[in-house]
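As the structure is a prediction and not an experimental result, all values here were calculated from the model. Chain letters run A, B, ... following the sequence lines, proteins first and then strands; every chain starts at 1.
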There are 2 protein chains.
Amino acid sequence: MLSKCPLFNGVTSSELDVLMKDLPFQIKKYAKGQMLAQSGEECRSLMIMLKGSVRGEMMDVSGKAIKIEDIEPPKPLAVAFIFGQNNRFPVNIIANDDSEVFLLPKESMLILLQRSAPFLKNFMNIISSRAQFLSDKIRFLNFQTIKGKLAHYLLQLESSQQGEIILTKSQEELATLFGVTRPSLGRALRDLHNDGLIEAKAKSILIIDRQGLMALLRKD
Amino acid sequence: MLSKCPLFNGVTSSELDVLMKDLPFQIKKYAKGQMLAQSGEECRSLMIMLKGSVRGEMMDVSGKAIKIEDIEPPKPLAVAFIFGQNNRFPVNIIANDDSEVFLLPKESMLILLQRSAPFLKNFMNIISSRAQFLSDKIRFLNFQTIKGKLAHYLLQLESSQQGEIILTKSQEELATLFGVTRPSLGRALRDLHNDGLIEAKAKSILIIDRQGLMALLRKD
DNA sequence: TTCATTTTGTAACATATGTTACAGTCTAGT
DNA sequence: ACTAGACTGTAACATATGTTACAAAATGAA
């Protein structure tokens, strides 16, 4: 299972067995809704998702949260926060479902980095991608109005689905992903509909004016 | 000079000579205002500041920009964006002053990573810190009102300076750092003043009600 | 089916921030 | 000392988003 994790790209599971034989590790289970780690907490172990799903979300003191991402097997988490002078979680990690996580202590991880060149390379790639991901988040969260974010989101969905888009998330979820309130998101959706850019009916959305949506991305 | 760069912590300059002897590199000069790299451009080299100062800023199509950071010697730049599947600059890099930059091609950098354990370690630490930095940016940009950002900024400044704070940046600069407009920033400053939290007169600011400022951080 | 719960639609209103504009002030260079 | 250019203070107004509230609709469990 572990060998599917992008961190172990290019490492066969038998090689992995050898690499890890003498390294201590742990497997932890979490119930749905349980918190795996809290923002500010020290990050001592690499974590790799085995089962279930967790999310990382930032929360301010007043309770407003924005979701940064979902993480599902076989992806690792906290990769970019184990090292550095301030090795703390920047987000809360919460189980979306009953989940199982593989834990490898920082020290073991250092050993692994020395033992396996592919692992090292994967690690550097992943950590770099994280920086890209976070940069993109900043852009997304700061440079778009709600309509812009919606347009972005819908156009992205459209490229993977065909024609009609079926939202898999509730408006509530979308709102926290966008860092806005639910009524505001609803209003933006309605506006896009009224402006004739989309045909929205409950969870089903049809893009009518692709050009118009793309203009929103560039406009504000 | 290079040996002062955090990437070469623990490497003496004579060791550095040996490490780099056969590696090709480049030194480039940029005039004030010149663009070193554009957002979206591929990132092929590690860059290390030798002289001057540059800034990284995100810009949307309409021209609104927010400054992410200033980078000055002997700091490296683009460290976190050389690797990963999408090795592109997420920001524009612009010279604040006439500047000089050391360029090490990606390939040379890979060699260096293999040759020097301290370099590798520094690299991983720096790249991790970048992820932390970006996370903090997200928090800062999304969870604070303008007043909150100001409070944050002022409290931070106060800890380094004594008593009276002298702003070194213009309101215009602060505004782009906060991702807001200049009049809005001015208004926020005035509000803090009128609310009796600070005594602001031109560039000189005196914190009067520290508790009040801290409350702003937690409030919104 | 029926009922409880979640999700959605929507409205009135409050607030924060952007936009534009202009005048006052400071500062550096001549 | 004078002037051009930048910076600051501020105002009126426009707009986007948040807040609160409630009803309609959908969904899922009994």
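Taking atom CZ of B:Phe143 as the reference point, atom C1' of C:dA16 lies 17 Å away to the nearest angstrom. In this structure, NZ of B:Lys149 is placed 8 Å from P of C:dT17, rounded to the nearest angstrom. What separates CZ of A:Arg182 from C1' of C:dG9 is a distance of 8 Å, to the nearest Å. Rounded to whole angstrom, the span from the CD1 atom of B:Ile146 across to the P atom of D:dT17 amounts to 14 Å. The distance between atom CG of B:Asn194 and atom P of D:dA11, rounded to the nearest whole Å, is 10 Å. Rounded to a whole Å, the CG atom of B:Leu189 is 16 Å from the P atom of D:dC7. Atom CD1 in A:Ile166 sits roughly 16 Å away from atom C1' in C:dT7 (whole-Å rounding). Straight-line distance from the CG atom of B:Leu167 to the C1' atom of D:dA6: 17 Å, rounded to whole Å.
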Let me see the working for B:Phe25 and B:Phe102 under ring pair (Phe, Tyr, Trp, His ring centres under 6.0 Å), right down to the final yes or no.
CA-CA 7 Å; B:Phe25 65 91; B:Phe102 173 90; 5.1 Å; yes
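The environment of NZ in B:Lys75 is sparse: at most 12 heavy-atom neighbours from other residues, nucleotides or ligands sit within 6.0 Å. At most 12 non-hydrogen atoms from other residues, nucleotides or ligands lie less than 6.0 angstrom from NZ of B:Lys4.
Considering only side-chain N and O atoms, B:Ser184 lies nowhere under 4.0 angstrom from the phosphate OP1 or OP2 of C:dT17. Side-chain nitrogen and oxygen atoms of B:Gln171 include at least one within less than 4.0 Å of the OP1 or OP2 phosphate oxygen of D:dG9. Between B:Arg190 and D:dT10 there is a side-chain polar atom (N or O) within less than 4.0 angstrom of OP1 or OP2. Considering only side-chain N and O atoms, B:Arg187 lies nowhere under 4.0 angstrom from the phosphate OP1 or OP2 of D:dT10.
A:Lys203 comes within 4.0 angstrom of the backbone, heavy atoms only, and of no base.
B:Glu57 and B:Thr176 form no side-chain donor-acceptor contact under 3.5 Å, judged by distance and modelled atom types alone.
The nearest heavy atom of DNA chain D to A:Leu185 and to B:Ser170 marks one nucleotide each, and the one closer to the 5' end goes with B:Ser170.
Tested against B:Ser135, the residues A:Ile68, A:Val91, A:Ile138, A:Leu134 include a single side-chain contact (heavy atoms from CB on, under 4.5 Å) partner, A:Leu134.
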